[in-house]
Amino acid sequence: MFNIRFLFIMSIVGMACSQERKLPDLVTYKAYIKPLLQTHCNYCHYKNSGHLPLTSFEEAKRFSSSIKYVVENNIMPPWPADPHYSSFLNQRILDVYDKQLISKWINDGLKEGDTIGQANNELNQNPYTLGKPDLILAIKPSFIKQHANDQFLIVKVPFELPTDTYVSVIEFVPGKHQVVHHVNGDLVKYEDGKKKTVFAGEYLLPTSHDSSIKQVFEKMDLPNDDGTYPALQKSVVNYLPGVYAQIYKNGIGGYLLPKKGCFLLNDLHYGSSKSDLWDSSYIKIYFAKIPPKRPLQEFQLGTLGIAPVLPNLLIFPNTVKKVHSQYIIPNDISVVTINPHMHLLGKSFKAYAVVPKGDTIPLIHIPNWDFNWQYFYTFPKLIKIPKGSLMIAEGVYDNTVKNVLNPFTPPRLVSDNKGSMKTTDEMFQFIVSYVPYKEGDENIEL
Ligand code: HEC
């Protein structure tokens, strides 16, 4: 927890000072480059992270030209949202000054130098440092074959607890970092007496064309014993490299785990691996000492959501298609976190709300959609959207050969395939986590 807040403070300080700051006469690793890498890169690039470690002088020196290349071309740190449209917590963006520091360090001869000011050694460690969890749920190990294509699994992680339990944080921890690409997981909640055992049924299923969500539920034995469906709370556990379980301030957030339930990771995405291996990822759960004051609620626009995709998600080969989804907000709400979602044909994404008086509240703009970096974006402060506002999400899809991520050459007709979750089918979703509005929310920091 300390690390996450600390990093955030560091990056604000970095941004605020950069305008007036003149480049130093001599840029050394310890004085300038190490703190910069710690703030913007070590979230993901640390020892055993599965990605290039960038925590020592030797590593930074050895990879200095790659570092220069990826930052100058805005490839790293990955942050697809346009910072001129809206800003978010823990936003990772290098400004011109930061980039100049890296070039100057190289030009100055890659000197190690001395630390100035406070040493920030604690950031050298694996940043998964929330401490000891109250509960660990292992995920059934899955086998990843060498050089196989990307794999998408639906995973059931059942649990039984002595009593209903308030939880502050649910964290997914990848076993093999180098292959675990991302995870989106929901919580299935059984009411008392509705389910004899949560441990029956399949635990791992490939996401495939021909199984509908209903079939997946049946194979995994997820329905109640009487055949009805249990409650499903969306997006309670998520993972992307460098994205850690969200801890909100001021009593916002938190979950209630029922006595019987399971996490449904719908999907767990593995990238291609250089060798055969077994992944044993797990979920860490931290109990809350007091009940959450304002637990999150959620709705989603678009595919499988409360408002349809318009016109429809039928994307013909060799075309660029624009769609949108819109919804009138029925009550005053305070938005906490948003998550735009498209698959491989996504090209750009924008969401905003038009209030009844006509003003626009910008939410997010992603000018160059990148399937690999689908963050849950949290605002620095709660964003009030008044009752009667029209929330609009717009997406553009590129189903031409110009789209390097297009899964088909030549391009083929791609659609949502009735809510399939396969990556080569498309989705258009805008997921909004919020709390009902209360007087003064505009000033509440997250
Ligand atoms: C949110 C996580 C994240 C952050 C933050 C991040 N990176 Fe990366 N970086 C990655 C991942 C994941 C890859 C591998 C990309 C791939 O395989 O496509 C990568 C790749 C790289 C590479 C290419 C390495 C190779 O093996 O080819 C370099 C160099 C790099 N990052 C430098 C940086 C620098 C410098 C920063 C900070 C300014 C940074 N990264 C911030 C996740 C991150």
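Indexing begins at 1, ligand by ligand and atom by atom, following the structure's order. Quick caveat, the model's predicted, so the values are computed rather than measured.
- For ligand 1, the atoms sitting less than 4.0 Å from at least one non-hydrogen atom of Tyr375 are 1 (C), numbered in the order shown with element in parentheses.
- Of the N and O atoms on the side chains of Ser272 and Gln151, not one donor lies less than 3.5 Å from an acceptor on the other residue.
- The proximity of Trp79 to ligand 1, defined as any non-hydrogen pair under 4.0 Å, does not occur for either the backbone or the side chain.
- Taking every heavy atom of both residues into account, Ala393 and Phe349 meet most closely at CB-CZ, 4.0 Å.
- Counting only heavy atoms, the protein gets under 4.0 Å from atom 8 (Fe) of ligand 1.
- Distance screen at 4.0 Å: atom 30 (C) of ligand 1 has a protein heavy-atom neighbour inside the cut-off.
- Close approach of ligand 1 to Ile67 (heavy-atom distance below 4.0 Å) involves ligand atoms 35 (C).
- Close contacts between ligand 1 and His40 involve ligand atoms 5 (C), 37 (C), 41 (C) [criterion: under 4.0 Å to a heavy atom].
- Contact between Val336 and Val435 at its shortest, heavy atoms only, is CG2-N, 4.4 Å.
- Asn184 and His341 are not linked by any side-chain donor-acceptor pair at a separation below 3.5 angstrom, with hydrogens and angles left out of the test.
- The two residues Trp373 and Leu240 come nearest to each other via the heavy atoms C-CD1, 4.2 Å.
- Contact annotation for atom 26 (O) of ligand 1: protein absent (non-hydrogen atoms, distance under 4.0 Å).
- Around atom 8 (Fe) of ligand 1, protein N, O or S atoms at less than 2.8 Å comprise His45 NE2, Met76 SD.
- For atom 16 (C) of ligand 1, the nearest protein heavy atom lies 4.0 Å or farther away.
- Counting only heavy atoms, the protein gets under 4.0 Å from atom 34 (C) of ligand 1.
- For NZ of Lys176, the number of neighbouring non-hydrogen atoms (other residues, nucleotides, ligands) closer than 6.0 Å is greater than 12.
- The Arg92 neighbourhood of ligand 1 comprises atoms 1 (C), 5 (C), with distances under 4.0 Å to a heavy atom of that residue.
- No side-chain N or O of Asn318 forms a donor-acceptor pair with one of Asn399 less than 3.5 Å apart.
- Only the side chain of Trp373 comes within 4.0 Å of ligand 1, judged by heavy-atom distances.
- Identified under the salt bridge (Lys or Arg N to Asp or Glu O under 4.0 Å) test for residues 143-159, with sequence neighbours left out: none.
- Residues satisfying the side chain to side chain contact (heavy atoms under 4.5 Å, CB included) test with Leu390, not counting sequence neighbours, are Gln326, Ile328, Ile392.
- Side-chain atoms of Asn250 come within 3.5 Å of backbone atoms of Glu445 as a donor-acceptor pair (strictly under, hydrogens ignored).
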Taking distance alone, no hydrogens or angles, what donor-acceptor pairs closer than 3.5 Å link side-chain atoms of residues 291-299 to residues at least two apart or in another chain?
unit_1, atom_1, unit_2, atom_2, d
Arg294, NH1, Asp441, OD1, 2.9
Arg294, NH2, Pro436, O, 2.7
Arg294, NH2, Asp441, OD2, 2.9
Gln297, OE1, Tyr434, OH, 3.2

